[in-house]
Every structure is written in C-alpha cells, then in structure tokens.
J.: 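The structure is given below, and queries will be raised subsequently.
Lettering of chains follows the sequences in order, A, B, ..., and the numbering in each one begins at 1.
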Amino acid sequence: MKRGPELIVTEKDNAARRIADILSDGSAESDRVNGVNVYKWGGKRCIGLSGHVVGVDFPPEYGDWRDVEPVELVSADVEKRPTQENIVAALRRLARDASRIHIATDYDREGELIGKEAYELVREVNEAAPVDRVRFSSITDREVQEAFADPDDLDFDLAAAGEARQIIDLMWGASLTRFLSLSARQLGDDFISVGRVQGPTLKLIVDREREIDAFDSEDYWELFAALTKDSETFEAQYFYLDADDNEAERVWEEARADAVDRTLSAASTATVDEVRRRTRTDDPPAPFNTTQFIRAASGIDYSAQRAMSIAEDLYTAGYVTYPRTDNTVYPEDLEPRALLDALSDGPRFGDDAADLLDADEITPTAGDEETTDHPPIHPTDELPSPSDLSEDEWVVYELVVRRFLATVADAATWEHLRVVAAVDGDDEDLRLKANGKRLVDPGYHAVYPYRSTTENYVPDVAEGEELAVTEARLEAKQTQPPRRYGQSRLIETMEDMGIGTKATRHDVIQKLYDRGYIEGDPPRPTRLARGVVEASEEFADRIVSEEMTARLEEDMQAIARGEADLDEVTDESREILERVFDRLEDSREALGDHLRESLKADKTVGPCPECGADLVIRRSRGGSYFVGCDGYPDCEYTLPLPSTGKPILLDDVCGEHGLHDVKMLAGRKTFVHGCPLCAAEAADEEPDLIVGPCPECGADHDGELAVKRLRSGGRLVGCTRYPDCEYSLPMPRRGEVERVEETCEEHGLPGLRITYEDADREPWDLGCPICNYREYQARQAGTELEAIDGIGEKTAEKLKAAGVEDVAGLKAAEPDALADEIDGVGEDTVRNWQADAD
DNA sequence: GCAAGGTC
C-alpha cells in the first residue's frame, strides 16, 4: 500500500474547513490547489467540492436542435462530464498519491451521489487506495470524530437512485423542451421549456388563473351594529344559523338584508344572551426551515429569491447556519443558553436575548420535520458588527435571530371574549356577535414582532344585560375569486406536493419568470404559459403532474433498497416517453400553431389605428421597448413606451382605442403606463411649461428650457430649440410641476415645485432644475452599488469585475450585455437594478 | 442552448 496522505472529500468548502478544524484540533492550514482550498495537517488533506462537479448530458452529436429529432433523445446515451474543471483537476491531483480516501459529503441521497462521483474521479487516477464513506448529521466535534472512528462504505444503490432521477429528468425535459421549441419555431434564447418540477408548478399557477377566469361573483350583504355599554362602544356582526345549523354572516338576498337592516336601525337595545370567555395558548413558532424562512421573509416584503440570496451571504460570512434545510428540529448539541448569551451582546436584539436568559428552563420548540443533513436555520454565536452588513442584510439577519429567540421563548396567552346579543325582530330575534381578544401575556411576541398581535376590545358584559344599539350598518359585498399564489405560498404548496427541494424551489419560480411564463408579483401566467400547460395536458400529462415525482420517488426508493435497478427504472420511463412522442408527432403542426398564437397574444396590444393590423410590443436594437405595427414594413405606425422596466399587458382595454393597458415591471418602481395611445395623446395636449433661458443656447439663440411631457409618458426639462439643441435634464414622471417665485442666481431659472393629487403627499420643492440635477448626480456618484436592492457584496464584486464600478456605471450599461457577463443574472434583474438606481 | 440537483 502507498504511504501517501489520506484525503477527505466534502460537499462544499465550508464543510471541508470545519471538518479539518475538528479533526486537526485547529492545527489545519489552508492551501490552494488549482485555485481550490485544501486544508492540510499531519498526514491528512481535506478538499471541498461545490456540490456536483460532474453533470449528465447527451453525447456532443446530439447537440444541434435542428439536426436531431427530439424523440432521438429518448434512446440516446447519457454521459457524465466534469462541469467544474478546476475542482475536478484538484481532486485528481490530490487523489493520485493518497493512501486512503474518505468520502464525507452530506448525509442525504444527493450527497451519496456526489460522493460516488468523487469516488469515480478518484478511481480514474488511483485504483488501489481504499475508499470509505463517513456519515454524520451535523458538523460537530462529537459526531465528526465518531464518524471518522467508524467509517462505512459508499451506498451505490442510493447513489444509483439519484442517477435514475438525473437521467429521467434529462431525457423528459430535454426531449419535450426541444419538441415544443421546434414546433413553435422558438430556437433562440426564447425556447419553450418543460420539466418534472417546473411543469406542475406552472400548472398550479395556470389552474388558479383558470379558476379566477371561471369565477362568477355573487352579491351578498353583511350587517353590523354598534353596541354601547355605559360609554364604551364595540362592533357586533349580525349572524344566523344556516340550513346545516352553522353560523353564517353573509345574507344572500337583498330583500332580507334590507329587512334586517331596518330592524337593526330601528332597534334601541339588544339583550346579551351569551358570554363566553376562553383562554388560548399561542405557542411559539417552530425553528426555521427554508420554506418557513422564505414565508416569514415574504411577510416583510422580501421575495423568495432575494431572501435566499441574503441568507446565503449571511451563511458564507458565518453569521447564520446553512440556509438550505428541511429540518425544523434543533440538533441535540445546540446549547440555547450559550447562544442566547452570545446574542445578548448584539445590537437591535441584545436586550431581548438577555431577557430570555432569565428563564429557569429553556426548551426550544420543535417542528414536524426532522432531517439529519443540516440544522434548522439559526444564528451562529458569531455576531456581525453594525458595518459588516447592509441594511437589508441586517433586516434578514434580525429575522433569523428573532426567530431563534422566539423558539426558546414562552407561549403567549390570549383571552377571548365572545358576546352574543339579541335584538327583537318581527318574527324572530336577530342575533349579533362580537369576538374580543386581548393579549394577556405576550410571551414570544415580545421578541418576535413579525406576527400580528392586534387586539379587539369588547367590554365586560353579563348575560341578560341590556346594551344600547347606537348604529346599524349594511355593507354590500361580492364574493371574490380565489387569490393568486404569492411566491412563498407557491413554495409551500410545492413542498406539500413533494416537488423540488429546499435548495431549488425558489429557483424554479425564478426560472418560470425567466422563461416568460409568469409576470408580476404575485405571479400571473402569460398566454404562453397557458399554451404550454394546455399542450402538455393533452399530450404529455405526466410532465405537468405531481404524480411524476411521486412515482419517481417510489422508484428511487426501490433502487435504494436494492429491489429495482437503475436500468429497469429508466427503461420503463423511456417506454412511456416513447408513447408520448407517438402521439405528439401527429400533432406537431397544430401544437406549434397554438403555441405561436399564445406567444403573439402575450405581445398584442390591440388594433393599429392606421391599418387595423395588430399592434405588438417590440424591442429596438438598443434594447428599449416600443409598440409597433405587425404590418411593418407596410405600416410604420409606432408608439413609444417608458424607458424603465419591462412592459406587460394587462387585461383592461382602453374604451377609446381598444388597446390593452401596459404595465411596466421594474421591481419597486413598477407602475401602470395605461393605454400607450392615450399616453401619447395626453403628452401632445399637455402644454410645455417654460422655465427660463437654456444654459447652452440661451445667450446665442434665445433657446429656453421647458418642462415637457414625452409621448412615452416620461417628462424632462429640455430646450425649446430641440432638436437643434439637445440640452435636457430628467424630471419625475408624476405630479404637477409649477414655478415658484425665487430665482436661482447662478442659472437665472425659477425654482420648481411638484404637487401631487394625493393630498396627503407633501409637495416637493426641487428648486432650480439644474442645481437639483447636479446634486442628484453628486449623490449618485457617491452611491455604492451595494445600496441598490438586490446587490450584495458578492454581486457588487461580480459587477466590478465586469467593469461596472458604481451606480452611474450600472445605469449606463446595456442590460443584455451586462447580464451575459454575470453568472446567474438575467436581463430583467439588471433592468430592475437600473430602475432602483433612478 | 434542453432538466433538476448540488453549490456560490
């Protein structure tokens, strides 16, 4: 046997560093091999991978979409190829002279597969060294030491289960994606994708939209009365018992609602006939897993994607534990008291943490899901100093800290008081109810302010007591269609359906946005999405059904138990997919037409006022959007669109022009532009407001600056001699601009004031427009990239590497070109950043 | 270039 060093392989660098630290008792030293961290001590080396470092794909000859019939992918070989060359090379180099190899990847199915991939890479260069597998549920001293003292073997069956998933996902996803894209002739960046996870997720959204479309709203009425005891007034609601003897508040017949209203309006007293007091315990929440973290973050207005991105940054910096976890049970070795003690030094929450230390006994809550790979998300005992985090990072970090505090805090206690009072009616008594609640012991709410603690006051009354009826109110209402899924609700539903994983669900939603399947927030499906779901339902129902995952899960478990083998499972899946293609091939044309119609519907604004053909949303070569006639070049009619954001069409149609309203999506700066023709006409009619002499041509040519409304809906201060003089300054789109008395000495211009229709909104005195713009530019120049929502330290680094140094540079960049240069960033993201920078 | 799953 060789006498070289032992090699430990982990799933990620972070785990490698911590394991090396534990096994070496802190003596490990960090080194770089091929740009990859390697930790060395004694006769040992430890390297962290980056998840999968090899990927599955078809052989290169299947690469050209147009040359290969999609159905050929069903029977094509699937190969493994390194995807992280530098890590693979480093692993090979270290493995060559290793005397023994320990696979220490995560303790789950995917970890077993990643371990097997490492094993195969090792075997390519070292046939002799023994390879074992160490398994531990959390990276703690005790567990790691025990695992290395008693190593096990790789579980090749479990890894094969993961491989079956890889192969099946690739063959279904790639073949159907190519088929749909080819049939609709969408081959560029705008290909049409389907897959085992994105399919059912999209169908969920489309199905909800179908319910909304099919919904017929119904009128109903609700009745309220103000009841007064002494001088204390509270509101009670009319109710009755329905046919099933259940309490009902909605009255479905107008005549009856009016009759009840008349009786209540005429009544002067109501008699209390029921008083019920109840004390309710409100238990503190369970520890955070990924899904619940995303849900809580969405409650404070962070999108799923953004919340996860911040959590990952906090994890990398060492302030919170691994954010991708299903686990809602803290590991045994977590010491709440020690952690509270550490947190009590922190800003914002230190006092709350310290208060919790006063308790005699600290028992954390536990959720239903207990897994072994990672603990629930909680803060570490390493605290950031105020300047270490951006404001957004602080907000999210505080959420994680406070969730931990909540899980070790006491339950809250509410006192509920239900009062029912009766008013004499013509044939029967009318009953009114009020539900009071009071937070008598705030418990965990004292440290976790993210849940509502709104109280409803109902005075202390006794049965038989007479209350004054001081007001009656009839409210006409309509039943509402079901609500669209929000992002966090979607993720929870995906989790319930068993599709996707903690690490991918939020990415899947992002993918649906990127593919043009959903828009806005809460996401609504495009026509294309409906077209894809309809086509899938007809020909490949599996790919939009959660059953596919359920079935795959069963097959994987069979493989893992050694009761089925990989080929059996993948061959069976192949046969099913072959049959799907038998039917698809016959309908290629019709399906392609349908998808193309859907694509066009997403872009069709309405009839062209000049030739009657369709007006569609198009993009100029510079990347900006405009409305142009589909009859181009015969008809050259166009309308401009605002320069910020990405346009989508709303359902509302302009009564005058028959054009759909346009909404511009730009993150927090999203706004409704409305009918583009109305906007253009309004701009033509709005008179320019002359401000004063143009600084460029005023002296020589008498040019004047004026506030002008643009046909795109925007506004600027520009020279009246445009286009001969192109001097201009930006102006906000909204509000009414007026001149004020005082004049700027430097520029000879009056100050400008913007007033708003909303009377609550303070007017904005921006002063001399030139001075104002200068100040604005100065502020921008001093603004760091990180100040923009969605840009963290890492993204800022990537931006700088791409040549974007500051906010001004970001604003000047072409979104598509910049997106190409930065991994994991799409064009829309860049547009959102730019909109935020304005 | 296609999926979904790791990780960054």
J.: Between atom CD in A:E110 and atom P in B:dA3, what is the gap in whole Å?
T.: 17 Å
J.: Determine the contact category for A:V194: base if any of its heavy atoms lies under 4.0 Å from a base atom, sugar-phosphate if only primed atoms, P, OP1 or OP2 are that close, otherwise nothing.
T.: sugar-phosphate
J.: Taking 4.0 angstrom as the limit, do A:R196 and A:D169 come out as a salt bridge?
T.: yes
J.: How close or far is atom P of B:dA3 from atom CZ of A:F58, stated in whole angstroms?
T.: 11 Å
J.: Could A:R295 and A:E492 be called an ion pair, given the rule that one side-chain N must be under 4.0 Å from one carboxylate O?
T.: yes
J.: So does A:Y62 get a side-chain nitrogen or oxygen closer than 4.0 Å to the phosphate oxygens (OP1/OP2) of B:dC2?
T.: no
J.: With a non-hydrogen cut-off below 4.0 angstrom, is A:R178 in contact with a base, only sugar-phosphate, or nothing?
T.: base
J.: Tell me the interatomic distance from A:E112, atom CD, to B:dG6, atom P, rounded to whole angstroms.
T.: 14 Å
J.: Would you call A:E546 and A:K203 a salt bridge, using N to O less than 4.0 angstrom?
T.: no
J.: Write down the distance between CG (A:D67) and C1' (B:dC2), rounded to a whole number of angstrom.
T.: 15 Å
J.: Once you apply a heavy-atom cut-off of 4.0 Å, does A:Q166 come out as touching a base, just sugar-phosphate, or nothing?
T.: base
J.: Of all the choices, B:dC8, B:dA3, B:dT7, which nucleotide is nearest to the side chain of A:Y315 once you look at every atom?
T.: B:dC8
J.: Just so I know, are the side chains of A:I167 and A:R574 near enough to count as touching, which here means a heavy-atom distance under 4.5 Å?
T.: yes
J.: Checking all strands, does A:F179 fall into the base, sugar-phosphate, or nothing category for heavy-atom contacts under 4.0 angstrom?
T.: nothing
J.: Just to be sure I understand the rule, does A:D106 reach a base, reach only the sugar-phosphate, or reach nothing, if contact means heavy atoms closer than 4.0 Å?
T.: sugar-phosphate
J.: Are A:R133 and A:D152 ion-paired here, with the side-chain N under 4.0 Å from a carboxylate O?
T.: no
J.: Run the salt-bridge test on A:R515 and A:D190 with the 4.0 Å N-O cut-off and return the result as yes or no.
T.: no
J.: Can you work out whether A:G51 or A:T177 has the more 5'-proximal nearest nucleotide on DNA chain B?
T.: A:T177
J.: For A:S50, which contact category applies under a 4.0 Å heavy-atom criterion: base, sugar-phosphate, or nothing?
T.: base
J.: Please give, in whole Å, the distance from B:dA3 C1' to A:L512 CG?
T.: 13 Å
J.: Counting only heavy atoms and a strict 4.0 angstrom limit, can you tell me which residues of residues 488-503 of chain A come near DNA chain B?
T.: A:G500, A:T501, A:A503
J.: Has the side chain of A:D13 got a donor or acceptor that lies under 3.5 Å from a partner of the other kind on the base of B:dC8?
T.: no
J.: How many Å lie between CE on A:M548 and C1' on B:dA4, as a whole number?
T.: 11 Å
J.: Give A:W65 one of three labels, base, sugar-phosphate or nothing, depending on what nucleic acid heavy atoms sit under 4.0 Å from its own.
T.: base
J.: For A:D64 and for A:R196, find the nucleotide of DNA chain B with the closest heavy atom, then tell me which residue's nucleotide is more 5'.
T.: A:D64
J.: Centroid-to-centroid, A:F581 to A:F539, below 6.0 Å?
T.: no
J.: How many whole angstroms separate atom CD1 of A:I509 from atom C1' of B:dA4?
T.: 15 Å
J.: Look at A:R324 and B:dG6 and indicate whether a side-chain polar atom (N or O) is within less than 4.0 Å of OP1 or OP2.
T.: no
J.: When you measure from the side-chain N and O atoms of A:T105 to the phosphate of B:dG6, is any distance below 4.0 Å, counting only OP1 and OP2?
T.: no
J.: Against the six-membered ring of A:Y517, is A:K511 placed for a cation-pi contact (under 6.0 Å from the centre, within 45° of the normal)?
T.: no
J.: Within the structure shown, what part of the strands sits under 4.0 Å from A:Q84 by heavy-atom distance: base, sugar-phosphate, or nothing?
T.: base
J.: Would you indicate what A:G188 reaches in the nucleic acid, counting non-hydrogen atoms under 4.0 angstrom: base, sugar-phosphate, or nothing?
T.: base
J.: Looking at A:E163 and A:K116, is any side-chain nitrogen of the basic one under 4.0 Å from a carboxylate oxygen of the acidic one?
T.: yes
J.: How close or far is atom P of B:dT7 from atom CE of A:M308, stated in whole angstroms?
T.: 10 Å
J.: By the 4.0 Å heavy-atom rule, please label A:R505 as base, sugar-phosphate, or nothing.
T.: nothing
